[in-house]
Amino acid sequence: MTPDYPLLARQLEALLDTRDWLTNSAQASAFLMQEIPELNWAGFYLHREPETLCLGPFQGKPACHPIPFGKGVCGAAARTRQTRRIADVHAVADHIACDAASAAELVVPIVAGDRLWGVLDLDSPVKGRFTAADQAGIEALVAVFVERTDLQ
Ligand code: SME
């Protein structure tokens, strides 16, 4: 069943009551992990070095770091600034396997002005977990995060 994303967006708005990117991204990753069913990893990669994603606040197993823009699902989302919704990560040749349990992945780029600030990465152990409705809902949650946070 698709989560009630409009409700989650209102709850996230209430939760993100600082403008601080570190506090808000830590809270957002914990919130997503708690509220979205069937995830094994939820977190942020930050664009702090040229063409490179650095691991940020997350929930789940220790993860891969760093990820160059040229590699993996996260790299592709960062490079193209478009959401990547992958039904079966094992079908993606350069998928980076951090947790062997991951089967499906959704990566949403986070853009502040004209700058790529980072990406939000969600992994699921269930193949095909993320529908188009999940993508739209999670992109709306990312929009709340962007709106509520001073992104540096
Ligand atoms: N699977 C990702 C790497 C990050 S982890 O899933 C947390 C990728 O291929 O970019």
Side-chain angles (χ1 to χ4, degrees), residues 1-3 5 8-9 11-12 15-16 20-112 114-146 148-149 151-152:
M1 203 182 82
T2 306
Y5 283 109
L8 293 183
Q11 291 173 333
L12 185 62
L15 181 65
L16 303 184
D20 184 88
W21 73 267
L22 179 56
T23 306
N24 281 1
S25 57
Q27 291 279 49
S29 65
F31 177 78
L32 295 168
M33 193 68 164
Q34 289 295 317
E35 299 299 330
I36 298 180
E38 300 176 316
L39 299 184
N40 61 310
W41 203 89
F44 292 84
Y45 277 95
L46 314 177
H47 182 205
R48 313 188 113 192
E49 292 167 30
E51 309 278 295
T52 303
L53 294 169
C54 302
L55 185 60
F58 69 94
Q59 302 269 308
K61 289 191 177 170
C64 312
H65 165 86
I67 298 178
F69 273 26
K71 261 196 91 181
V73 181
C74 289
R79 211 166 53 238
T80 61
R81 299 189 179 192
Q82 288 187 340
T83 297
R84 282 290 196 273
R85 180 162 59 96
I86 308 293
D88 178 4
V89 294
H90 301 296
V92 176
D94 74 341
H95 164 252
I96 304 165
C98 303
D99 180 348
S102 298
E105 184 159 14
L106 185 80
V107 184
V108 181
I110 301 173
V111 177
D114 61 357
R115 181 175 180 275
L116 181 88
W117 181 81
V119 302
L120 173 72
D121 182 19
L122 302 181
D123 285 12
S124 171
V126 180
K127 253 193 220 177
R129 165 66 187 81
F130 302 109
T131 63
D134 288 301
Q135 177 176 338
I138 290 159
E139 286 173 343
L141 296 179
V142 167
V144 169
F145 174 77
V146 169
R148 306 285 295 177
T149 307
L151 298 176
Q152 306 155 359

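Residues take their numbers from the sequence shown, with the count starting at 1. Counting starts at 1 for both ligands and their atoms, following the listed order.
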Which atoms from ligand 1 have a heavy atom of [X] less than 4.0 Å away?
{"X": "D121", "value": "4 (C), 5 (S), 6 (O), 7 (C)"}
{"X": "G72", "value": "9 (O), 10 (O)"}
{"X": "D123", "value": "5 (S), 6 (O)"}
{"X": "W41", "value": "7 (C)"}
{"X": "H95", "value": "1 (N), 9 (O)"}

Which residue in the set F58, W21, F145 passes ring pair (Phe, Tyr, Trp, His ring centres under 6.0 Å) when paired with F44?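 Option passing the ring pair (Phe, Tyr, Trp, His ring centres under 6.0 Å) with F44: F145.
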
For [atom], which protein heavy atom lies nearest, and how many Å away is it?
{"atom": "atom 2 (C) of ligand 1", "value": "E105 OE2, 3.1 Å"}
{"atom": "atom 8 (C) of ligand 1", "value": "V73 N, 3.4 Å"}
{"atom": "atom 10 (O) of ligand 1", "value": "C74 N, 2.8 Å"}

For I67, which part has a heavy atom under 4.0 Å from ligand 1: side chain, backbone, both, or neither?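 Under 4.0 Å from ligand 1, I67 contributes side-chain atoms alone.
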
Is it the side chain (CB and beyond), the backbone, both or neither of Y45 that lies under 4.0 Å from ligand 1, heavy atoms counted?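 Side chain only.
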
Compare V119, I96, V107 and give the one whose heavy atom is closest to atom 3 (C) of ligand 1.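 Considering heavy atoms of V119, I96, V107, the nearest to atom 3 (C) of ligand 1 sits in I96.
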
[X] to ligand 1: N or O pair under 3.5 Å?
{"X": "C98", "value": "no"}
{"X": "A97", "value": "no"}
{"X": "C64", "value": "no"}

Please confirm whether F69 and H47 have ring centers closer than 6.0 angstrom.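 They qualify: ring centres under 6.0 Å apart.
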
Hey, what do you get for SG (C54) to CD1 (I67), rounding to the nearest 0.5 Å?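 One gets 10.0 Å once the value is rounded to the nearest 0.5 Å.
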
Enter the distance from L141:CG to L120:CG here, rounded to the nearest 0.5 Å.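 Here the interatomic distance stands at 8.5 Å.
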
Pairing donors with acceptors under 3.5 angstrom, does anything connect the side chains of T83 and E139?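 There is such a pair (donor and acceptor under 3.5 Å, judged by atom type) between the side chains of T83 and E139.
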
Would D99 and N40 count as a side chain to side chain donor-acceptor pair (under 3.5 Å) if you check the C-alpha gap in whole Å, the side-chain angles of each, and the deciding distance to 0.1 Å? CA-CA 8 Å; D99 180 348; N40 61 310; 3.1 Å; yes

Test: D134 and R129 ion pair at under 4.0 Å: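 Between R129 and D134 there is a salt bridge, with a charged N closer than 4.0 Å to a carboxylate O.
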
Among C64, C74, S102, which residue meets the side chain to side chain contact (heavy atoms under 4.5 Å, CB included) test with I96?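 Of the listed residues C64, C74, S102, the side chain to side chain contact (heavy atoms under 4.5 Å, CB included) partner of I96 is C64.
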
Just by distance, do the side chain of T23 and the backbone of D20 share a donor-acceptor pair under 3.5 Å?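 No.
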
